[in-house]
Amino acid sequence: MIKLDSLNPVQKQAVLNTDGPVMILAGAGSGKTKTLVTRISYLLEEKNVSAHQLLALTFSNKAAREMRERIAHEVSMDVGALQITTFHAFCAKLLRSEANYLGLSRNFTIYDEGESKAIAKSLLERRGISTKEINPYDILTYIDSLKNNGYYPGRVMQDGGGAEPSDEFFGYFEEYESELHRANALDFGGLITAVIQLFEKFPDVLSRYQNRFVYVLVDEYQDTNRAQFELIKMLCGKRRNICVVGDEDQSIYSWRGADIRNILDFEKVWPDVKVLKLEQNYRSSKTIIEAASCVIEKNTMRKGKHMWTDNPEGDAIEIVECFNDKDEAEFIANESAKLYRAGVPYKEMAVFYRSNAQARQIEDALRKSKINYRVVGGVKFYERKEIKDMLSYLRLIINSKDSLALSRIINVPARGVGATSLRKLEVEAVNSNTSLWDIIEKIVDHAGEFAHIKLSAKIKSSLSEFVTLINELRVLDQNKVKPSTIYEKALHESGYYAFLKANKDYETLARLENLDELLNAITQFEDSAEVPTLSGFLETITLDSNTEFDEGARAVDGEISLMTVHGAKGLEFTHAFVVGAEENVFPSYRSVDSGEIAMEEERRLFYVAMTRAMIKLYITFAQGRMLFGQVKFNGPSRFIDEIPEKLYSWKKLKGHQEDRYDNSFSGGNYDPYDQSQESYYDSDEVVYQVKETAAQPPKTYHQPKFPKGSKVVHSLYGAGLVESSEGAGAEEKVQIKFTDGNRKKFMVKFAPIVLA
DNA sequence: TGACCCTACATTTTT
DNA sequence: TGTAGGGTCA
């Protein structure tokens, strides 16, 4: 039996209205996931819908995983057959089974943004245009917007959004598409449009899927683009059991193609839709909810919800005016240490900023105060050079037409095939309309035909070795040899490992470690996947880079979280700091002068930031901030003005006496500080003692997890002894001597080590 | 081919 | 101010 008692009346409706179109507008913290999970569980258990007939689409793998886990917890049956997946993974899977309809082969490669950019660059290069004349990014933006709108070459668009031959970059688009096709590859956007194309051209295929998926759910609906909307529309055209859940006030990805009209116009497409609003907030204090509502109400493009909560009134929001960005960072460090001493665990605190660059200053201050922190986001494991190199080897094994992968590794390690030779080969490939691989293979096999391509005997023999190696690896893959075995063979027999090892600097060491961790990732995949194939592994990491290596936004014990507001969506913390609440910072200067639409998105962002906080919200800003090498005096954010005065207290920090500015801002509606507001604090807190309140958390806290002498077990290398250790927290590195005598260095945050 | 210097540039990044 | 990417030189 599914328990509905713990749901409020609207949530219950959202669960029980299983048939026909339903749109759930779920405010921040309104129990959205709980409702969705209950709805799916209800369909499975009470309405006897088979798992196979259900489809739930999300944006992130994290959301998909969370939902699956929670459903598994809720129902008694096996949820293995449930399709709870991201849009992209869903499309990829569908396309692999229907690939032949579109002239793709099922082993197609998925290109990420970096690879798309590389293609755009090579197209420019081919035309002899420098990246200064045309920014490849502009071409990609054009291509991306077409795909976001659901356009594929030749498609007749109902109401605009398609390509026109007169478009500046139309030629590039066509070439880009044919380049992808030649490489047997699709980009992220192409995964969606290819399915649209498939469904439009082959109605019988569409109808198969329409019949199969009786119930379809879409999470984070406000983030769907038009292409995704059309996909849903087609998929649900027959059964019409479509349930979307979203919040127009949390639409913060319009610049990625999210189309807020999908929410605002849902009723036009599904006139009989049942609209349900989840307006009760279970997360935040009354103060925070009221403040956030007052801000978001200034937006015009919304359906309008009225958030309320039964939670206590709570503390006033603390608005903190700092002298400069450095003081702001120090305040965060001091205040968080103070909260910690008062019993708030660091993992319950978070700092949200508008742009990544703001993190550095805060990191510095936290480090100085010896407070552990984690920055969510940043360089992805799979974007590191050595990882991309090895992945290119693996990709080439799976898809020989993947010329991008091939050109990346053909000379890594050096095989004498420099830029010039590669260019010659590429030209030949384009001219004979075949892939780079085919050309190289032909040259190796019967050089006679390609006498016009001048390559030294030495190059030819190393190319021949290369071809042999890849072909051998391919045979291993076809014979279902374990991916990890193939990887290790590729790593060593290609000479890549020796090539890296030749360097002895610290960076190289880190790279070798990363390669070890890649091996670790592959073995983990082998352990968890039902059918652990190499291509399966590659797909997983392209579509879900969020593996063990990057625990994403999950708060870690003892660490305060730092992230952009975008990264904060969907999370909650008891204590939150929204920093840099200044004009031109938050809202961003780019939005300040690009009109009301952009400003409304900034406001939604601010709203998202505010509604992450459960108990206490701090909003900080600096009088002066170093921006682009200059100190700027922007004045407090307009969004601060939109919060009713009675909900906040305003604290002005005394910075360093010697270099204070006069406290007035020119212009704006900024009111000189009301001293009475400061009375909220005890007098000794009004003047913040920046230096005296340096954090002193318990010492054990910063000790390395694996100090020298620890006996540990590594999941791959077995037992060992920590010989040396440096750093702590995310920076901790250890050298381990294993029982077999081998010594290895690891970054603790990556390595699968536990105390023995 | 790598190391270094210079200069241009500077939101957000679920897939 | 920080840095990534391009250009240049050894």
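Below, chain A is the first sequence line, B the second, and so on; all start at residue 1. Because the structure is predicted, anything quoted here is derived from the model rather than measured.
Here the side chain of A:K569 is nearest to one of B:dT14, B:dT13, B:dT11, namely B:dT14. Listed candidates were B:dT14, B:dT15, B:dT12. Nearest to the side chain of A:T86 is B:dT15.
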(message) I need a per-nucleotide contact map over nucleotides 1-10 of chain C, read 5' to 3'. Cutoff is protein heavy atoms under 4.0 Å; write B for the base, S for backbone only, - otherwise.
(response) BS---S----

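Computed from coordinates, the A:L191 CG to B:dT14 P distance equals 16 Å when rounded to whole Å. Rounding to whole angstrom units, CZ of residue A:F59 and P of B:dT12 are separated by 20 Å. As rounded to whole Å, 20 Å separates atom P of B:dT12 from atom CD of A:Q222. Here B:dA10 presents its C1' atom at 13 Å from CZ of A:R354, a figure rounded to the nearest Å. The separation between A:I410 atom CD1 and B:dT1 atom C1' is 17 Å, rounded to whole Å. Distance, A:E539 CD to B:dT15 P: 13 Å, rounded to whole Å. In this structure, CG of A:D144 is placed 15 Å from P of B:dT15, rounded to the nearest angstrom. Between the CG atom of A:D325 and the P atom of B:dA10 there is a distance of 20 Å, rounded to whole Å.
Between A:F577 and A:F352, the distance separating the two ring centers is not shorter than 6.0 angstrom. Ring to ring, A:F59 and A:H88 are not that close: their centroids are 6.0 angstrom or more apart.
The separation of B:dT12 from C:dG5, taken at their P atoms, amounts to 14 Å, rounded to a whole angstrom. On the C1' atoms, C:dG6 is 24 Å away from B:dT11, given to the nearest whole Å. The same atom, P, is picked in C:dA4 and in B:dT13; the two are 15 Å apart, to the nearest Å.
The side chain of A:N61 places an N or O atom within less than 4.0 Å of a non-bridging phosphate oxygen (OP1 or OP2) of B:dT15. Residue A:N411 places at least one side-chain N or O closer than 4.0 Å to OP1 or OP2 of B:dT1. In this model, the phosphate group of B:dA10 is not approached by any side-chain N or O of A:N356 to a distance below 4.0 Å at OP1 or OP2.
Sequence neighbours left out, the pairs with a member in residues 128-152 of chain A that pass ring pair (Phe, Tyr, Trp, His ring centres under 6.0 Å) are A:Y151-A:F173.
In this structure, A:N148 reaches neither bases nor backbone, as no heavy-atom distance under 4.0 Å exists between it and the strands shown. Across all strands, A:E113 comes closer than 4.0 Å to base atoms (heavy-atom distances). Within the 4.0 angstrom heavy-atom criterion, no nucleotide atom of any strand lies near A:Q228.
Look at A:D249 and A:R603 and you find no salt bridge, because none of the NZ, NE, NH1 or NH2 atoms lies under 4.0 Å from a carboxylate O. Using a 4.0 Å cut-off between charged nitrogen and carboxylate oxygen, A:R65 and A:E69 do not count as a salt-bridge pair.
Between A:S116 and A:L140, the closest heavy-atom pair is O-CD2, 3.7 Å. The minimum heavy-atom distance linking A:L543 with A:A89 is given by the pair CD1-CA, 3.6 Å.
Within 90° of 0 lies the glycosidic angle of B:dT11, which makes this nucleotide syn.
Residues satisfying the side-chain contact (heavy atoms from CB on, under 4.5 Å) criterion with A:S392, sequence neighbours excluded, are A:A405, A:R408, A:I409. Remark: A:E328 pairs with A:R625 by the salt bridge (Lys or Arg N to Asp or Glu O under 4.0 Å) rule, at least two apart or across chains. In this structure, the side-chain contact (heavy atoms from CB on, under 4.5 Å) partners of A:N149, at least two apart in sequence or on a different chain, are A:M157, A:R226.
Under 3.5 Å, the side chain of A:R256 and the base of B:dT15 form at least one donor-acceptor pair of N or O atoms.
For the pair A:P587/A:M599, a side-chain contact is recorded, criterion being any heavy-atom separation below 4.5 Å from C-beta on.
Listed by residue number, the members of residues 584-595 of chain A with any heavy atom below 4.0 angstrom from DNA chain B are A:S588, A:Y589, A:R590, A:S591.
Residue-to-nucleotide proximity on DNA chain B shows that, of A:H566 and A:G189, the 5′-proximal contact is made by A:H566.
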